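Down below is the structure, laid out as structure tokens.
Keep in mind that what you see is a predicted model, and the values were worked out from it rather than measured. One-based numbering, in listed order, for ligands and for the atoms of each.
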Amino acid sequence: MDYQQHFVNALERLKGEARYRSFARIERKAGAFPTATWHRPEGPRDIVVWCSNDYLGMGQHPDVVRAMVETAQATGVGAGGTRNISGTSRAVVELETELADLHGKDAALVFTSGYVSNQTGISTIARLMPGCVILSDALNHNSMIEGVRQSGAEKLIFRHNDLAHLEELLQGIAPERPKLIVFESVYSMDGDVSPIGAICDLAERYGAMTYLDEVHAVGMYGARGGGIAERDGVMGRVDVIEGTLGKAFGVLGGYVAGSTEVVDAIRGYAPGFIFTTALPPPVAAAASASVRHLKRSTAEREAQARQVARTKAALADAGIPVLPGTTHIVPVIVGDAARCKAASDRLLEKHGIYIQPINYPTVPRGTERLRITPTPCHDDRLIAQLTRALVETWSALGLRLEAARAAAE
Ligand SMILES: *Cc1c(COP(=O)(O)O)cnc(C)c1O
């Protein structure tokens, strides 16, 4: 039996569909973000990263770095086991207290990633409610889809952010069956926002529980960085809020926050929590420092919003086809997998600008794009440089420029 051939074939399929992934080797530099070193085969080169999910540059914040280094020196680096087997550190307990407070919930539970928190969190919640039907937004992240699938529960997909469709589906479910609505606040590819309050209205009317992924919003929206639900004044109406510590908080890990009972039940039943080594104390301490900082400081959020608005305006003025939106995510549509990859390659090789291509299956075919994420660290000079580079790339590849627009909003 030639097992090897299966993998050769699988790789050929990826390459045939222009879906083979090649990663640029990037070395971030603390204090110099968004500048980084690109380790090319021909040798290192300084570049500017324009597609990081370290949305606020917290990965290099001195308080966050210090918390990680000092905790590592004090406790060592690893957790030493699962939460049950000596992995419940003071740092992780403090982090959970910080996160419960961030979302105004009784309790929070930390996982090794946002992916794991969705996968094991959603599946555990649904399995604990016999006969549960899950209502899931059509554009939910893969980690939520996996959570829904692993629950084994019946699932109904509602059209993206479509309240009428969600209500129609809710009406069709027997009133006595438990219902769980799973959705996101900021959808990361288009940068659009869900109507959380209106979804909670429907949940209350039809007796459904709500589970909200705020991964692309925590740290960035709301007076204390509690996310879109905090900004919209509806945090208290959402049953479970899930977030990541790896994006705006700049570290690593994921969590759910909710009532004492829901969180305690997930703690006792979720395999993705029980059977894996806990978050290391240095990581937990760094995440706590980041969450704590962003509760008090609005400077990063304000600077991000300002630089995002300037980026959108500069690109729209230059005729670059920016997808309109109200969040920090700036999608520039190319509409073709090969040219999207070519645009990304040219930006990196010719202009020293790193924006990875986003192709099918992450986004629908025909909407292939560059996903730009300006941070507080992308100053006006970098925005001007990006704009020039995109215009040069668009003309070199024969991509269409739009008539200049006043702003992308
Ligand atoms: C990135 C992402 C996750 C996973 O979070 P990680 O901490 O990176 O594992 C979950 N949900 C959404 C919507 C995401 O984009």
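The protein residues lying under 4.0 angstrom from ligand 1, judged by non-hydrogen atoms, are S113, G114, Y115, N118, H141, S143, E184, D213, V215, H216, T244, K247, G253.
Relative ring orientation between H378 and F33 is described as perpendicular, the plane-to-plane angle rising above 60° on a 0-90° scale split at 30° and 60°.
Applying the salt bridge (charged side-chain N to carboxylate O under 4.0 Å, His left out) rule to R388 yields no partners; only residues at least two apart in sequence or on another chain are considered. In this view, K29 and D46 satisfy the salt bridge (charged side-chain N to carboxylate O under 4.0 Å, His left out) rule, not counting sequence neighbours. Every residue meeting the salt bridge (charged side-chain N to carboxylate O under 4.0 Å, His left out) condition with E204, not counting sequence neighbours, appears here in chain and number order: R237.
A donor-acceptor pair under 3.5 Å is absent between the side-chain atoms of S290 and the main chain of A287, judged by distance alone.
In this structure, H141 has its ring center at least 6.0 angstrom away from the ring center of Y187.
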